[in-house]
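Because the structure is predicted, anything quoted here is derived from the model rather than measured. Just so we're on the same page: letters track the sequence lines, and every chain starts at 1.
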Amino acid sequence: MRSAADARSARAPYAVGSMPDTRTIRPYLESLVAEAARAAVAAGDLPDVAIPGAAIERPKDPANGDFASTLPLRLARAAMRPPVEIAQAIASHVPPDPVIEPPVVAPPGFINFRLSVPFLQQQVEHIISAGDEYANLNLGDGKSAQVEFVSANPTGPLHVGNGRGAAIGDALANVLEAAGYRVEREYYVNDAGTQTDYFAETLYARYQQLFGRDVPIPEDGYPGSYMIELAEEVKGRHGDAYLRPPGDPLPAELSELGINLMVERIRRTLERFGVRYDRWYSEKSLYESGGAYERAMAILREAGMLVERDGALWFASSELGEDKDNVVVRSDGRPTYYASDIAYHWDKFIRRGFNLVIDVWGADHHGHVSRLKTATRAVGADPEALHILLYQLVTLKRGGEVVRLSKRSGEIITLDELIDEVGADAARFFFLLRSPGAQMDFDLDLAVRQSSENPVYYVQYAHARLCSILERAREQGLSPDGGDVGRLVAPHELALVREMMRLVDVIENVATRFEPQHLPHYAQDLATAFHAFNDAFKQQNDPGLKVLTEDEGLSRARLRLVLAARVALARVLGLMGMTAPERM
RNA sequence: GCCCCCGUAGCUCAGAGGACAGAGCAGACGCCUUCUAAGCGUUUGGCCGCAGGUUCGAAUCCUGCCGGGGGCGCCA
C-alpha cells in the first residue's frame with residue numbers, strides 16, 4: 001500500500017513509523033539537511049550543485065547546540081556563495097520537526113541543531129527499555145569478526161604488557177559485539193617452534209635437577225623460578241615417569257605436558273582478569289596432514305611465490321613490494337613462525353571466512369605487519385579486512401620510580417601480581433585509558449588509591465550512588481514505575497540525558513576506528529554528568545530539590561532518569577570488562 | 001641506513017579537517033544537620049616540538065627537520 005508514509009520515507013527514512021531515537025538521530029538529521037538542501041535548490045534559493053553528505057557533527061561547545069551541519073561550508077566553493085547565505089537558504093527549508101528546535105545559522109556557515117526537550121525526555125524511556133542492549137548498533141550487520149589477542153608464548157607467565165593487550169582486545173571484542181558483529185575471541189597458542197623446544201629443554205633440566213642430577217638449564221632456556229614450580233608440579237603428579245637415562249633426549253610427551261600446564265596457568269590468569277576466549281588455537285594444529293600449513297603453502301607454490309635459496313625455502317615477498325624475501329622453511333626443514341602465521345591467517349580468512357580480523361600485538365612486532373598483510377593477500381584474502389592493532393610498552397611506576405622487577409620474585413612483574421595489587425577493574429581501566437599507540441606509565445600507587453585522584457573509583461562510585469538512590473527509593477516505597485519523564489526539565493537533568501546519548505557515538509567510534517581509549521574517557525564524562533546532576537540539588541540549598549522530593553510525581557520522574565543513567569553507566573563499564581558495584 | 005609509535009597546560013594524557021584546543025591530577029578559593037564528600041562549584045595555567053605545503057578552514061592531512069622510545073634474525 002503506497003501512502004503518505006512512503007512519500008515521507010523518501011525524504012527522511014528514519015521518520016517512518018516512529019520518531020528517531022538516540023541511535024538514529026544522526027542519520028535522521030543528515031537526511032533532514034540533505035533534503036532541505038535539495039528543496040533549496042528546487043526553490044531556486046541555491047544554485048544547482050551536487051549535494052555531498054550532510055556532515056553532521058557534534059559541536060565542541062554545547063552553546064552551539066547538540067548537532068551541527070557543515071554542509072554550507074563544503075558547498076561554498078561550488079555554489080560560489082558565502083557559506084552563511086547557503087546556511088540560511090538550507091535552514092529555511094528545514095520543515096518544523098518535533099525532534100529539534102528550529103535550526104540556527106552561525107558564522108562562518110554552520111547550521112546548528114538543538115534537540116527538543118520532549119525528544120530528550122523520550123530518550124530516558126528509550127534507554128530504560130533498551131536495557132543491557134542500550135546503544136547496540138548494526139554497523140557489523142551480522143558480519144563475523146575475530147579478535148585475536150594476548151597470544152603470548154606459553155613459555156612463561158603473562159606479564160604486565162600482556163595485560164594491556166588483554167584489556168584492549170577484550171574491550172574491542174565487546175564493542176564490536178555491541179556494534180552488531182558476531183565476534184570470536186581467540187588466543188593463538190605457540191605450541192610449536194623453537195621457543196617451545198627451549199621451554200621443554202628447560203623444563204626437563206629442572207625436572208632432572210629435582211632428582212639430583214647436575215644438569216644445567218640451556219643457554220637459550222627460561223631461567224625463571226616458575227620453571228622450577230612447573231617441574232615440581234610434573235614430579236608431584238607423575239613422579240619419575242618422564243625421567244630418561246642421563247644424556248638421553250627429553251621425552252616428547254613432557255614438552256606437550258609442560259605447554260599444557262603453562263597454558264592452563266595463563267588461562268586462569270586471564271579468567272581472573274575477566275577475559276574468556278571462544279577458542280585456544282594451537283599452532284601445532286596448523287601442521288596436521290592436509291591442514292592449513294599445507295594448503296597455504298600450496299597456494300604460494302602454485303603462484304610461484306616460493307623459491308629455494310641457501311638450502312632454505314623463501315617466500316618471494318619482495319616481488320609483492322616488501323623490502324626483502326623472507327624464509328618460510330629453514331634449511332633444517334623446520335618452518336618459521338612466519339610460515340605459521342601465513343597458514344594461520346589463511347585459516348582465519350579462507351577456511352573460517354571471518355569478514356573482519358583484528359590482531360592485537362605488542363609494538364615490538366610491528367616489523368611483521370607489512371609482511372603479514374602481503375602474505376595474507378598472496379593466499380587470497382583481502383588485506384583490508386585485517387587490522388593489526390599495535391600497543392606500545394607499559395612502564396610500571398611506584399612513587400614516581402620505575403619498577404622493573406618484582407620484589408616478591410625478583411623477576412618480571414606478572415599480570416597476576418598486578419591483579420593482586422590493584423585488582424582487575426583498576427588494571428583494565430588504566431590499560432584502556434591511553435591510546436594503544438602511546439607508551440604508558442602505569443602508576444601502581446594511584447591505581448589502588450581510594451581518592452579523587454583515582455578515576456576508577458570515580459566512575460564506579462557514580463554507579464554505586466545511582467544504585468543507592470534507587471535503593472533508598474525502594475525503602476520509601478517509591479518506584480520509578482509510572483514516572484512521567486515530561487517532568488524532567490532542569491538543565492542538569494537534560495545535560496545528563498545528553499551525555500547518556502553520547503554512548504552511541506562512542507561505540508561507533510571505537511568499533512570503526514579501533515580506539516578503545518574512548519570508553520574510559522566517556523565513562524568519566526558520564527560519571528561527571530551524573531555527579532553534577534546529583535549535586536546540583538544540594539547547591540541550590542533547597543531541601544525540596546533532591547532526586548527524592550516531597551513531590552512524588554517529580555521523584556518518580558527523576559528515578560526514571562536515575563534508572564536510565566545506571567543502564568548507561570553499567571553498559572560502558574561492561575564494555576570495558578569492569579564490574580559495576582552496587583555499593584562501595 | 002630503513003621502518004613504526006610518540007612529542008598538546010607544572011604532571012599524566014584526550015582530541016572525528018571545522019567554532020574560543022579539553023579532561024584528570026597538582027596549585028588557589030569555596031561547599032557536608034541532606035539519597036555515599038570515593039562528591040560538587042569557581043579559578044590559575046598553552047609558540048599544540050620546529051619549518052614549509054594542501055585547504056574556505058590544520059593540533060588533526062602531506063613533506064622536511066629536531067627530540068624520546070621501539071623494531072629491522074633461517075627467534076616469536
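Judged by distance alone, the side chains of A:T196 and A:D191 never bring a donor and an acceptor atom under 3.5 Å apart. With no hydrogens or angles considered, a side-chain donor-acceptor pair links A:T70 and A:R74 at under 3.5 Å. If you check the side chains of A:T374 and A:E322, you find a donor sitting under 3.5 Å from an acceptor. A:H345 and A:D359 are linked by a side-chain donor-acceptor pair at a separation below 3.5 angstrom, with hydrogens and angles left out of the test. Between the side chains of A:H518 and A:E515, at least one donor N or O sits under 3.5 Å from an acceptor N or O. Using a 3.5 Å distance cut-off with no hydrogens or angles, the side chains of A:S340 and A:E283 do pair a donor with an acceptor. Side-chain N/O atoms of A:Y222 and A:E201 include no donor and acceptor closer than 3.5 Å. A donor atom on one side chain and an acceptor atom on the other are not found under 3.5 Å apart for A:S282 and A:Y188.
Taking only distance into account, the side chain of A:N112 meets the base of B:rA19 through a donor-acceptor pair shorter than 3.5 Å. Applying the 3.5 Å distance criterion, the base of B:rC74 shares a donor-acceptor pair with the side chain of A:S331. Residue A:D332 places no side-chain atom within donor-acceptor reach of the base of B:rC74, judged by atom type and a 3.5 Å distance cut-off alone. Residue-to-nucleotide contacts include a donor-acceptor pair under 3.5 Å from the side chain of A:Y337 to the base of B:rA76.
Here B:rA76 is the nucleotide among B:rC13, B:rA19, B:rA76 with the atom lying nearest to any side-chain atom of A:R371. Side-chain proximity of A:D441 to B:rC40, B:rC13, B:rC56: nearest is B:rC13. With B:rA76, B:rG39, B:rA14 as the candidates, the nucleotide lying closest to the side chain of A:N153 is B:rA76. Here the nucleotide nearest the side chain of A:N534, chosen from B:rC35, B:rA19, B:rC56, is B:rC35. Considering only side-chain atoms of A:R434, the nucleotide from B:rG70, B:rC13, B:rC35 that sits closest is B:rC13. The side chain of A:N64 lies closest to B:rA19 when the candidates are B:rC56, B:rC35, B:rA19. When each of B:rC40, B:rC74, B:rC56 is scored by its nearest atom to the side-chain atoms of A:D535, the top-ranked nucleotide is B:rC40. With B:rC75, B:rC74, B:rA38 as the candidates, the nucleotide lying closest to the side chain of A:Q195 is B:rC75. Of the candidates B:rA19, B:rA76, B:rG39, B:rA76 carries the atom nearest the A:H365 side chain, counting heavy atoms from C-beta on.
Using a 4.0 Å heavy-atom cutoff across all strands shown, A:Q517 reaches sugar-phosphate atoms only and no base atom. Looking at heavy-atom distances under 4.0 Å, A:R74 makes contact with a base. Contact annotation for A:N190: backbone-only contact, meaning every heavy-atom pair under 4.0 Å involves sugar-phosphate atoms and none involves a base. Using a 4.0 Å heavy-atom criterion, one finds that A:A473 contacts no nucleic acid atom at all. The residue A:A55 sits apart from the nucleic acid: no heavy atom pair falls under 4.0 Å. Residue contacts shown for A:N509 include a base, since a base heavy atom lies under 4.0 Å away. Within 4.0 Å (heavy atoms only), A:D61 reaches at least one base atom of the nucleic acid.
With both ends at atom C1', the span from B:rG30 to B:rU44 equals 15 Å, rounded to whole Å. B:rC25 and B:rU63 are spaced 39 Å apart, taking the P atom of each and rounding to whole Å. Taking atom P in both B:rC65 and B:rA28, the straight-line distance is 46 Å, to the nearest Å. Comparing B:rC62 with B:rG73, their C1' atoms sit 34 Å apart, to the nearest whole Å. Comparing B:rC6 with B:rG17, their P atoms sit 15 Å apart, to the nearest whole Å. Rounded to a whole angstrom, the distance from the P atom of B:rC50 to that of B:rU60 is 11 Å. Separating the P atom of B:rC48 from that of B:rC40 is a span of 30 Å, rounded to the nearest Å. Distance check on atom P: B:rC29 versus B:rG70 gives 42 Å, rounded to whole Å.
For A:R513 and B:rA16, the shortest distance from a side-chain N or O to OP1 or OP2 is below 4.0 Å. A:R330 has a side-chain polar atom (N or O) that falls below the 4.0 Å cut-off from OP1 or OP2 of B:rC75. Side-chain nitrogen and oxygen atoms of A:T194 include at least one within less than 4.0 Å of the OP1 or OP2 phosphate oxygen of B:rA76. A close approach under 4.0 Å does occur between a side-chain nitrogen or oxygen of A:H518 and OP1 or OP2 of B:rG15. Contact annotation: A:Y458 side-chain N/O to B:rC40 OP1/OP2 distance is under 4.0 Å.
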Nucleotide-resolved protein contact map, nucleotides 1-10 of chain B, B/S/- at heavy-atom distance under 4.0 Å: --BSSS----
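When the nearest nucleotides of RNA chain B are assigned to A:K324 and A:M440 by heavy-atom distance, the more 5′-ward of the two goes with A:M440. Mapping A:F110 and A:S151 onto RNA chain B by nearest heavy atom places A:F110 closer to the 5' end of the strand.
For A:Y522 and B:rA14, the OH to C1' distance is 16 Å, given to the nearest whole Å. Following rounding to the nearest Å, A:K60 (NZ) and B:rG17 (P) show an atom-to-atom distance of 12 Å.
B:rC65 and B:rG49 make up a base pair, with Watson-Crick or G-U wobble contacts both under 3.5 Å. In this structure B:rA9 sits in no base pair that meets the Watson-Crick or G-U test at under 3.5 Å. Pair check for B:rG41 finds B:rC29; Watson-Crick or G-U wobble, both atom distances under 3.5 Å. Nucleotide B:rC72 forms a Watson-Crick or G-U wobble pair with B:rG1, both donor-acceptor distances falling under 3.5 Å. Nucleotide B:rC56 forms a Watson-Crick or G-U wobble pair with B:rG18, both donor-acceptor distances falling under 3.5 Å.
Aromatic ring centres of A:W361 and A:H366 lie farther apart than the 6.0 Å criterion allows.
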Pair A:H368-A:Y338, ring-ring contact (aromatic ring centres under 6.0 Å, His included): steps then yes or no: CA-CA 9 Å; A:H368 188 48; A:Y338 184 41; 5.5 Å; yes
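Between A:D445 and A:K397 there is no salt bridge, since none of the side-chain N atoms of the basic residue sits less than 4.0 Å from a carboxylate O of the acidic one.
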